[in-house]
Amino acid sequence: MIVFTDYLWFSTRQRQEFIRITDQIAGIVARSGITEGTVLVSAMHITAGVYVNDWEDGLIHDFQEWLEKLAPAGLDYQHHRTGEDNADAHLKRTIMGHQVVVPITDGRLDLGPWEQIFYAEFDGRRKKRVVVKAMGI
Amino acid sequence: MIVFTDYLWFSTRQRQEFIRITDQIAGIVARSGITEGTVLVSAMHITAGVYVNDWEDGLIHDFQEWLEKLAPAGLDYQHHRTGEDNADAHLKRTIMGHQVVVPITDGRLDLGPWEQIFYAEFDGRRKKRVVVKAMGI
Amino acid sequence: MIVFTDYLWFSTRQRQEFIRITDQIAGIVARSGITEGTVLVSAMHITAGVYVNDWEDGLIHDFQEWLEKLAPAGLDYQHHRTGEDNADAHLKRTIMGHQVVVPITDGRLDLGPWEQIFYAEFDGRRKKRVVVKAMGI
């Protein structure tokens with residue numbers, strides 16, 4: 001059994017940014033030498049998410065507008081009494097999910113035709129990390 | 001270590017349909033020969049989800065009505081400028097989640113008394129797939 | 001390959017309660033003897049969740065208030081025609097997620113600086129269980 005670990009670093013220019021990471025994950029899986037198994041991709045910061053969906057700018061815009069409606073910035077959140085101003089980022093990342101497990105089959109990510117892996121940053125402009133843990137044979 | 005892969009195909013009659021798949025997943029786990037491990041069940045299309053919850057028609061109705069409220073169809077989504085009309089399906093599946101990992105203990109799905117695995121279709125009436133990847137010993 | 005299983009029991013005093021379980025999960029991982037792998041932490045009841053986020057009382061309050069807004073108690077849910085009164089608990093746990101997979105690196109939970117694992121109870125005051133399944137080498 002092989003267990004292979006790597007990390008991706010992000011430091012976005014915008015506070016909120018969605019970044020496609022499918023190719024980086026595929027590269028890590030290739031380096032792991034695993035042909036059958038799974039790879040966990042998980043945000044290590046609690047104001048960012050990892051999700052699988054479409055690589056289409058219009059839809060990404062729709063996601064962001066929708067999240068703003070469901071979990072608006074600027075409300076009088078209790079979390080802000082600690083000096084923070086990012087409670088909405090915690091909520092938004094909860095909607096999107098903070099991790100995915102992607103199957104590896106025949107040495108490749110076993111994704112459907114439109115599945116792409118994204119890193120979703122909701123409180124960026126600083127260094128943040130994603131852990132990638134591949135397991136299999 | 002055993003890694004065992006299978007796929008389920010769906011082609012729903014309705015655009016939106018929730019289908020219980022616990023027995024199919026249990027069958028795949030039985031065929032895998034794994035007694036201790038986990039099984040990943042993951043939608044391969046980005047307008048469908050996989051979730052665990054109650055097998056009760058009233059609650060399924062409540063879920064669908066609730067999702068329509070949180071992520072309504074028919075809004076002026078930017079994604080629709082590509083010719084698509086299913087942006088709400090992408091959002092709805094995000095709320096429900098697109099995958100679950102189910103523990104396998106003593107050769108069986110280690111589920112609580114009311115846990116059932118469901119496939120949630122939000123843009124059906126065409127062939128779509130779920131990947132099932134069991135790993136363990 | 002090691003597969004190690006344990007269960008956590010909860011019986012909350014309040015109907016809704018969020019309980020930090022990071023230390024219990026770390027203890028189970030230590031007992032498993034696994035140095036590289038993952039641990040699945042999954043609610044076995046369908047009105048409870050497991051999530052990763054901040055250990056800060058204000059934010060926990062914000063989460064609970066937000067969930068009440070997105071999935072209110074006391075609406076005329078069809079699920080209640082079965083005699084139940086907890087449809088909102090099913091919806092709330094769906095937003096928060098019912099399971100997480102935590103990487104194990106060098107024998108320890110590979111969590112970011114602020115990541116904490118929580119059990120989220122939405123219909124408590126009775127015995128409920130979480131399954132913990134660690135896999136690795």
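Note on naming: letters A, B, ... go to the chains in the order of the sequence lines (proteins, then strands), and numbering restarts at 1 for each one.
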#### Entry: Working for side-chain contact (heavy atoms from CB on, under 4.5 Å), residues C/D110 and A/Y7
CA-CA 11 Å; C/D110 197 351; A/Y7 302 88; 2.5 Å; yes
### Message
Rounded at 0.5 Å granularity, tell me how far CG in C/L111 sits from CE in A/M44.
### Response
7.0 Å
## Note on the structure
In this structure, OG1 of A/T38 is separated from CE of C/M135 (nearest 0.5 Å) by 7.5 Å
### Message
Is it true that, when you exclude A/R13 itself, more than 12 heavy atoms of the residues, nucleotides or ligands shown sit nearer than 6.0 Å to its CZ?
### Response
no
### Atom group of A/A71 that falls short of 4.5 Å from chain C, counting heavy atoms
both
### Message
Below 4.5 Å, heavy-atom pairs only: which of A/I95, A/V101, A/L91 has the largest tally toward chain C?
### Response
A/L91
### Query
Where does C/E115 contact chain A at under 4.5 Å (heavy atoms): side chain, backbone, both or neither?
both
### Summary
Assert top hit (heavy-atom pairs under 4.5 Å, partner chain C, pool A/H45, A/H98, A/H80, A/R129) equals A/H98
### Task
Just give me the residue among A/K128, A/E84, A/R93, A/H90 that pairs up with chain C most often, heavy atom to heavy atom, under 4.5 Å.
A/H90
### Task
Go through C/L67, C/L70, C/V52 and name the one with the most non-hydrogen pairs under 4.5 angstrom from chain A.
C/V52
### Query
To the nearest 0.5 Å, what is the distance between CZ (C/F63) and OG1 (A/T94)?
3.5 Å
### Query
What's the shortest heavy-atom distance between C/P103 and A/V131, and which atoms?
CG-CG1, 3.8 Å
### Message
With a 6.0 Å cut-off (strictly less than), is the heavy-atom count around CZ of C/R108, excluding the residue itself, greater than 12?
### Response
no
### Task
Sort C/W114 into side chain, backbone, both or neither according to what part of it lies under 4.5 angstrom from a heavy atom of chain A.
both
### Query
Do A/H79 and C/D62 pass the side chain to side chain donor-acceptor pair (under 3.5 Å) test, and can you show the C-alpha distance, the side-chain angles, and the key distance before you say yes or no?
CA-CA 7 Å; A/H79 184 49; C/D62 294 331; 5.4 Å; no
## Note on the structure
Most contact-rich option vs chain A, by heavy-atom pairs under 4.5 angstrom, among C/M96, C/E36, C/K69, C/M1, is C/E36
